[in-house]
Amino acid sequence: MKESEKKQKTGDIIPYPSEGVVDILKKIDILKAAGKQTGCNAKAIIDVGGTLPIGLTESRITQILEGEITTFAEEEYEYIIKSLKKVPKERSYTAASQQPAEEKEHVIIDEETFVLLQELREKTDIGVVALLNRAKNAPEDLKASTAQNWISGKSKKARRDHLDFLLQEWRKYSQYEFVELTAEIPKELLGYEESTGIGPQALLRGTQKERPEGLSSDIIKRWLKAPKDKVRKDYLEFTLQEWRKYPQYEFVELTEEIHKKLLGYKESTGIGPQALLRGTQKERPEGLNSGIIKRWLAAPHKKVRKDHLDYVLARWKTLEQLEAKKIIIPDEILQKLHHHWKRTNIGPEKLLKLGSSVPRGLTSPMICQWLYKKTKTAREDHLDFVLEQWEALPESKRRTFSKGRTARLPQTMQGCVEVTPEIIKQLRELRNTTGVGVNHLLKKAKDLPEGLTIGVVSGWFNGGTATARKDHLEYMVQKWEALANSGQEIKNRYITNKDGYEPISQQDLEEMRHYRDMLNLLPGHLLKISDDVPEGLTNSMIGGWLSGVTQNTNPEFVSWVLERCRAVVKESYEKALQ
């Protein structure tokens, strides 16, 4: 038996070659044979070899041992050989997890195969990573980095099954017809992108079922930025077909001069993009929205749709002319507005809902600003509209719900009555007199009319219900009157007399009731939308103020509530103008 065969049989490592050996393939064979003899893997080599030379990694060692990398530094070779020699004989590498994988056939990547790989990559316009991601049965141990080394020429050796799989997958896509991408085609594509305002990503959105497999927005972007000699015909035809579906528009440059004009209109009118387009859905150009205008205002863009720009400029100019007609609200007009509000019992919000042709820009918070003298000017057309609307409304026919006369309740339809402010006032007086709340009264009652619940009565008090069943109202009045006339001493748990508390002024109370009745801010909504609620302030406390049950309270709480309500009204007003 030859000496080399004896060494291999005993499991000794093949001796380190002399300095005269320079043949790379021989060195690879030596490394592979040494690795097989020891049963050693890349991790074990690093364990015994210590610090790695610069550039040498665990995966690189594996590729060198498997012959996938044929070009490496002399110091890398020496590191691996010396490490293999250091592997202790008592250390076992024969466990199933450490055993060398079944040897696969390797082939040399000759010049013809190298050129074929590059041609397929170029022709299909699909990279290694994308190709393996699309493949349904790619070998788990085939790495993209390994295949990229073949294409770049860094590795001249490959496993046959890996190479065959890659060629087979690329050939699937190379069967398609390719056409030359002349200089005119990218220009045409860019023209469609500019005239439609639709980019590659938006173009393919929602076309997953129709578009050719593999076509992506990145491929189209590459055509536009760095055109290739050839592209897939079905890709190009689909892209052109989709872009031609969209209408084309004339685009103009948004110059600094036009940008300043837009900002000037916004400043002079106090009307922002959202308010500018409110109510214009049927007349404004297709595709125009407040977001587009906001982007114009943020900074000049290279090009914008001409029909969009023309419409916005014309509309802002018209509104500027209207704003120029603002007048100071005369005291006599203000008095008439207050008179009609009281006469009709219809507030600003409901007034605008009843109107059939409300002028653009007019809102209920704006009317409240006039009524409470928060602003002294108004657009003449706005003021005329509000006055005409209120004058045309009939006088309220509500009647008083007097204590002890439940038989005379104003009946409406099918045994229901209208819940007027007078009725609510009487109910609150009864509740305050007895000191017994709705919850307590109804929870202990055993003779409740069908359908009468705590929620129903709460709806009367908070204004959520406009009508009530007559028998329900009569029941509540009779129960509270019976308690009041019983002669029993009942502690009024609604009256609060704490140190530092002060009476709520009638002016403050009326203003808060306005925010409740007209804007639905109190008692529940305000605390929900505020982050700085004072500790101890609750919805039930505010409800006590509004109902008149609680007459003394912390003055700081009242100040906070009023200031916050005014701020919300101001914010709503400013938002309406944007």
Side-chain angles (χ1 to χ4, degrees), residues 187-207 210 217 220-221 224 239-326 352-353 355-366 379 381-382 385 571-578:
K187 288 181 181 178
E188 183 180 2
L189 295 173
L190 284 168
Y192 283 133
E193 183 182 30
E194 291 180 0
S195 62
T196 62
I198 304 293
Q201 192 168 355
L203 183 72
L204 298 184
R205 189 175 295 124
T207 65
E210 300 86 10
S217 57
I220 301 175
K221 288 175 184 177
L224 300 175
T239 301
L240 289 169
Q241 168 192 306
E242 288 301 302
W243 250 323
R244 286 167 182 162
K245 287 181 181 179
Y246 291 93
Q248 298 181 50
Y249 303 95
E250 181 183 355
F251 281 72
V252 295
E253 186 180 357
L254 184 64
T255 62
E256 287 287 349
E257 183 181 353
I258 296 174
H259 181 246
K260 289 179 181 178
K261 183 181 287 189
L262 292 170
L263 289 172
Y265 280 142
K266 181 177 181 293
E267 182 69 25
S268 62
T269 62
I271 297 174
Q274 193 170 353
L276 181 72
L277 298 183
R278 187 175 292 118
T280 65
Q281 289 86 345
K282 295 182 179 180
E283 64 182 53
R284 68 178 182 243
E286 182 185 1
L288 178 62
N289 56 53
S290 59
I292 290 175
I293 304 174
K294 287 177 183 178
R295 289 194 290 274
W296 296 352
L297 296 174
H301 286 226
K302 291 182 179 179
K303 289 187 178 180
V304 298
R305 268 176 56 176
K306 186 176 185 297
D307 58 334
H308 283 180
L309 183 61
D310 290 345
Y311 178 84
V312 170
L313 287 170
R315 178 152 176 75
W316 245 327
K317 185 177 181 179
T318 301
L319 293 177
E320 185 183 49
Q321 292 169 350
L322 288 172
E323 287 296 311
K325 294 182 180 179
K326 274 191 171 183
L352 295 188
K353 288 180 180 178
S356 58
S357 56
V358 180
R360 291 192 184 100
L362 178 60
T363 63
S364 56
M366 191 182 297
R379 265 175 47 181
D381 59 328
H382 285 177
F385 174 84
E571 288 170 9
S572 300
Y573 175 71
E574 291 175 348
K575 186 176 180 181
L577 292 178
Q578 291 179 356

Value for OG1 (Thr239) from CD1 (Ile220), rounded to nearest 0.5 Å, stands at 3.5 Å

key: Gln201 and Ser217 side chains, donor-acceptor separation under 3.5 Å   = no

Any Glu242 side-chain heavy atom under 4.5 Å of Lys245 side chain: yes

Go through the steps to decide whether Leu276 and Arg315 satisfy the test side-chain contact (heavy atoms from CB on, under 4.5 Å), and finish with yes or no. CA-CA 8 Å; Leu276 181 72; Arg315 178 152 176 75; 3.6 Å; yes

To the nearest 0.5 Å, atom CD of Glu188 lies from atom CG of Leu240 at 5.0 Å

To the nearest 0.5 Å, atom OG1 of Thr196 lies from atom OH of Tyr249 at 9.5 Å

So NE2 of His308 and CG of Leu288: to nearest 0.5 Å the spacing works out to 4.5 Å

TODO: Check the pair Leu262 / Leu254 against side-chain contact (heavy atoms from CB on, under 4.5 Å), numbers first and verdict last.
DONE: CA-CA 10 Å; Leu262 292 170; Leu254 184 64; 4.1 Å; yes

>> Can you confirm if the NZ or CZ of Arg305 lies within 45° of the ring axis of Phe251 and under 6.0 Å from the centre of its six-membered ring?
In response: no

- Decide yes or no on side-chain contact (heavy atoms from CB on, under 4.5 Å) for Lys303 and Val252, but give the supporting numbers first. CA-CA 5 Å; Lys303 289 187 178 180; Val252 295; over 6 Å; no

**OP:** Take Tyr265 and Leu313, measure what side-chain contact (heavy atoms from CB on, under 4.5 Å) needs, and give me the verdict at the end.
**Re:** CA-CA 8 Å; Tyr265 280 142; Leu313 287 170; 4.0 Å; yes

key: Side-chain heavy atoms of Leu224 within contact of Pro200, under 4.5 Å   = yes

**Item:** Glu250 side chain near Asp307 side chain, heavy-atom distance below 4.5 Å
**Value:** no

One should read off an interatomic distance between Glu253 CD and Leu309 CG, to the nearest 0.5 angstrom, of 11.5 Å

Does Gln281 have more than 12 heavy atoms from other residues, nucleotides or ligands lying within 6.0 Å of its CD? yes

Taken to the nearest 0.5 Å, the spacing of Arg295 CZ from Ile293 CD1 works out to 10.0 Å

Heavy atoms of Trp316 and Lys266 approach each other most closely as CZ2-CB, 3.8 Å

Tell me yes or no: between the side chains of Glu283 and Tyr311, is some donor less than 3.5 Å from an acceptor? yes

